[in-house]
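What follows is a set of notes on a single structure, which appears directly below.
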Amino acid sequence: MPLSPRQLEIVRLVKQHAPITGEQIAETLRLSRPTIRSDLALLVMLGHLDAKPKVGYFPGQAAAQEDKGSAAFAEMKVKDVQALPVIIRETATVHDAVVTLFMENVGSLIVADESNALAGVISRKDLLKVTLGNPAASTMPVGLVMTRHPNVVVALPDETVLEAGRKMIHHQVDSLPVVVRHPDDSGKWEVVGRITKTTMTKLLVGWTGAVES
């Protein structure tokens, strides 16, 4: 059951100041005790709060489960949720890239060599820019239009999902290649997966749904 803004504020106050009495909650909210009586009763009934006579209110089981779920989400690793990478070679043409993009239903492609070493990334925006008004674009190799490796933002398997999300927001990208050091130890990155904003959204919706249920 969704909580009202006032009820959410009461839960927040109790988490911060427990044990706290109903009178103290009302005073903090600048309301009368009778005004919040029904809110307190509902929050106790739903398990968001516990109440002890002559002591006050404490976080309930529902609040504890929500905190536990938040902590678990914050500690989730990229390697636990990464998808298989969608890779094309640097010699592929723009036409090949467009076809692969729509066949795989992804927003960007990872460009890698035969050893899966990261060479670059090419996005829908890159392809749109190069194809508009350019009839010869379809035969161009993607190596000419991709964002090259030194400028590609990547995620590491042991990074948290939140860290990967912050990278996407800061660099304004929709996905990140997931990489490890290449076996030949040449300073290259080996592509092992990808993580996307869609992945983030599904995780968030699944987590909040589990908490609400």
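Positions are given from 1, in the same order as the sequence printed here. Since the structure is predicted, the reported quantities are computational estimates derived from the model, not experimental observations.
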Is it the case that the side chain of [X] and the backbone of [Y] share a donor-acceptor pair, with hydrogens and angles ignored and the cut-off at 3.5 Å?
| X | Y | result |
| --- | --- | --- |
| Arg148 | Val121 | no |
| Glu104 | Leu101 | no |
| Arg33 | Ala26 | no |
| Arg124 | Val106 | yes |
| His149 | Lys188 | no |
| Thr199 | Ile195 | no |
| His171 | Val173 | no |

| said: Quiz question: by atom type and distance under 3.5 Å, do the side chains of Asp39 and Gln7 form a donor-acceptor pair? | reply: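 Yes, Gln7 and Asp39 have a side-chain donor paired with an acceptor closer than 3.5 Å.
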| Have Thr139 and Thr93 got a donor and an acceptor in their side chains that come within less than 3.5 Å? |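 No, no side-chain donor-acceptor contact under 3.5 Å.
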| message | Using the salt bridge (charged side-chain N to carboxylate O under 4.0 Å, His left out) criterion, which residues pair with Glu159? Sequence neighbours excluded. | response |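 Applying salt bridge (charged side-chain N to carboxylate O under 4.0 Å, His left out) to Glu159 gives Lys167.
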Pairwise distance [atom1]([X]) to [atom2]([Y]) - rounded to 0.5 angstrom:
| X | Y | atom1 | atom2 | value |
| --- | --- | --- | --- | --- |
| His95 | Leu127 | NE2 | CG | 12.0 Å |
| Met200 | Ser175 | CE | OG | 10.5 Å |
| Arg37 | Leu31 | CZ | CG | 13.0 Å |

Please indicate whether [X] has more than 12 foreign heavy atoms, meaning atoms of other residues, nucleotides or ligands, lying under 6.0 Å from its [atom1].
| X | atom1 | result |
| --- | --- | --- |
| Glu23 | CD | yes |
| Leu84 | CG | no |
| Gln172 | CD | no |
| Asn105 | CG | no |

| field | Salt-bridge contact Lys77-Asp158 (side-chain N to carboxylate O under 4.0 Å) | value |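 Answer for the salt bridge query: no.
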| task | In plain terms, say whether Glu163 and Arg166 are close enough for a salt bridge, that is, a side-chain N and a carboxylate O under 4.0 Å apart. | result |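 No, no charged N to carboxylate O under 4.0 Å.
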Closest approach of [X] and [Y], non-hydrogen atoms and distance?
| X | Y | answer |
| --- | --- | --- |
| Thr196 | Arg194 | CG2-NH1, 3.4 Å |
| Leu176 | Ala155 | CD1-CB, 4.0 Å |
| Lys52 | Phe58 | CD-CE1, 3.6 Å |
| Val179 | Pro157 | O-CD, 3.2 Å |
| Val152 | Gly120 | CG2-CA, 4.0 Å |

Taking the side chain as every heavy atom from C-beta outward, state whether [X] and [Y] have any atom pair closer than 4.5 Å.
| X | Y | answer |
| --- | --- | --- |
| Leu40 | Ile25 | yes |
| Glu90 | Asp113 | no |
| Tyr57 | Leu43 | no |
| Thr100 | Val86 | yes |
| Leu118 | Glu190 | no |
| Val94 | Val145 | yes |

| said: Test side-chain hydrogen bond (donor to acceptor under 3.5 Å, both in side chains) on Asn134 and Thr131; report intermediate values, then the result. | reply: CA-CA 5 Å; Asn134 184 0; Thr131 54; over 6 Å; no
